[in-house]
Colleague: 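Below is a structure I'd like to ask you about.
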Amino acid sequence: MLVTLDTVRADRFSCYGYPRETSPHLDQLAKTSVRFERCLAPAPTTLPSHTSMFTGLEPLEHGVLANLHEGLVYERHPDLLTLTETLQQAGYTTAGFVSAQPLRKETGIGAGFETWSEPRRPERPGFRTMDKALEWLNETEGPLFLWVHLFDPHNPYQPQEPWDQHFDGSDGVVGAWMKAHGVQAETTRLGGRKVDMHAANEAYDGELRATDEELGRLLTALGARPRWDQTILAVIGDHGEGLGQHGEPSHGLAWDDHLHVPWVMRIPGLAPLTIGETVSVTDFLPTLLGRIHTERASDLLDQCSGIDRLKFPGLSTPVHGQSSPRQSAKRLLDHAWTEDPWKYLRLADGTELLFDLEQDPFEFHDQAGAQPEVLGRLRSGLDQHLERLARYGEARTRRATPEEEANLRALGYGGGEVPSRDNSATDKSGDDGR
Ligand SMILES: [Zn+2]
């Protein structure tokens with residue numbers, strides 16, 4: 001069972017230390033699971049990061065760099081194996097239920113899913129997606145692979161009742177969090193619209209709590225199934241959200257605000273465990289494959305550049321992250337290279353920054369000038385890594401159809417303005433697609 005949470009920064013979940021109870025169900029799950037304290041997305045964008053989960057490769061390896069960029073959509077390199085196809089061939093019944101258009105089946109992310117559900121509109125609320133998933137689960141027996149994707153924490157933040165009123169702000173948590181993270185009261189989005197960051201941060205917590213409630217519904221249903229004691233359940237984020245930190249309300253950059261996500265994995269027979277080292281969303285697939293025994297898993301494992309993090313607990317390795325190409329006119333990328341406790345950030349314009357994440361977890365104090373040896377070591381580590389990735393060649397793109405472009409632009413992708421707080425992008429009717 002895989003649950004992917006869209007646009008979730010780890011430090012806003014109560015099981016990652018946030019003082020508000022935004023995630024009681026995930027917190028409960030984490031008590032009997034492996035919890036990865038420092039998991040970074042390979043890219044701060046929905047389709048690239050999800051493609052990494054299903055292939056065990058980084059975006060520059062699988063070729064999907066963006067949801068939409070300058071009218072183009074990216075295609076995965078041909079001949080790559082995916083988790084779903086491998087499980088399907090091994091006899092699993094497969095079903096995917098997604099909540100937004102960046103993950104529509106045509107992107108290739110739906111390969112191998114016998115049952116598939118996606119919204120016709122740009123997005124749909126998580127409770128509708130979960131309704132469909134639970135209906136399917138109730139009717140399905142035997143070995144199965146279920147993927148549920150929940151999109152509510154993505155902007156615009158409009159929690160459903162009663163979660164819109166759940167946090168009333170009287171606890172002062174958001175104000176203190178904004179102060180600690182250097183968030184200004186007002187931020188200007190791309191396109192010039194001003195955003196009240198306090199209201200946005202309050203509403204974001206409501207979205208997280210609403211999303212957690214859907215996870216709770218799934219956990220209740222799973223707990224009642226006879227095979228629950230043999231079920232692996234992974235809950236993982238695809239990328240974070242700026243929420244005003246570093247002046248960015250949304251996501252798309254290589255700050256940890258945009259990359260650091262929750263990853264909780266319940267594995268039968270394994271005692272609860274916290275992995276403190278920095279790991280990657282790209283490690284999800286090899287870590288899963290190391291816990292299940294299916295034919296063909298070894299071929300897929302050979303493909304992965306990620307690491308089985310439970311085979312090597314305590315192993316600290318460098319982790320690569322990158323920005324979305326939509327942040328730069330020339331499709332140049334920012335690159336992040338994390339070697340605990342250091343993070344080297346090379347911006348698309350060549351600017352180099354270095355942060356000591358132990359002393360400075362929010363990346364405020366550049367140490368590039370003060371630590372030339374560390375800077376040189378991480379710079380050369382990143383250069384060698386990018387050289388290895390270059391063997392995968394150029395990304396493949398095709399022109400987006402007008403419908404694809406309209407749906408993705410409604411969610412803020414492809415350049416231009418993120419939609420204001422109206423319901424135009426969300427399908428709240430009962431008729432929500434395939
Ligand atoms: Zn996303």
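FYI, side chains are in, hydrogens and waters are out, and symmetry mates aren't considered; it's all heavy atoms of this structure. Note that ligands are numbered from 1 as they come in the structure, with each ligand's atoms numbered from 1 the same way.
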Colleague: Measure centre to centre between the rings of F54 and W147, then say whether the value is under 6.0 Å.
Modeller: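 Distance test on ring centres: under 6.0 Å, yes.
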Colleague: Is H251 close enough to the Zn ion (ligand 1) to have an N, O or S atom under 2.8 Å?
Modeller: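 For H251, the answer is no, given that no N, O or S atom comes within less than 2.8 Å of the Zn ion (ligand 1).
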Colleague: Checking one value in my table: which N/O/S atom of D6 lies closest to the Zn ion (ligand 1)?
Modeller: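 In D6, the N, O or S atom with the shortest distance to the Zn ion (ligand 1) is OD1.
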Colleague: Quick one: do the H62 and H77 side chains pair a donor with an acceptor below 3.5 Å?
Modeller: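 No donor-acceptor contact under 3.5 Å links the two side chains.
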Colleague: Name whichever N, O or S atom of D238 ends up nearest to the Zn ion (ligand 1).
Modeller: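 That would be atom OD2.
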Colleague: Can you confirm whether or not the ring centre of H258 sits under 6.0 Å from the ring centre of H246?
Modeller: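 Ring centres of H246 and H258 not closer than 6.0 Å.
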Colleague: For the aromatic rings, using the six-membered ring if either is Trp, is the centroid distance between F145 and Y92 under 6.0 Å?
Modeller: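 Not under 6.0 Å, so no.
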Colleague: Kindly state whether the ring of F36 and the ring of W263 have centres lying under 6.0 angstrom apart.
Modeller: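 Close enough - the centres of the two rings lie under 6.0 Å apart.
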Colleague: Could you please compute the angle at the Zn ion (ligand 1) from NE2 of H239 to OG1 of T46, rounded to 10°?
Modeller: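 Answer comes to 120°, rounded to 10°.
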Colleague: Please confirm if an N, O or S atom belonging to T45, backbone or side chain, lies less than 2.8 Å from the Zn ion (ligand 1).
Modeller: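 No.
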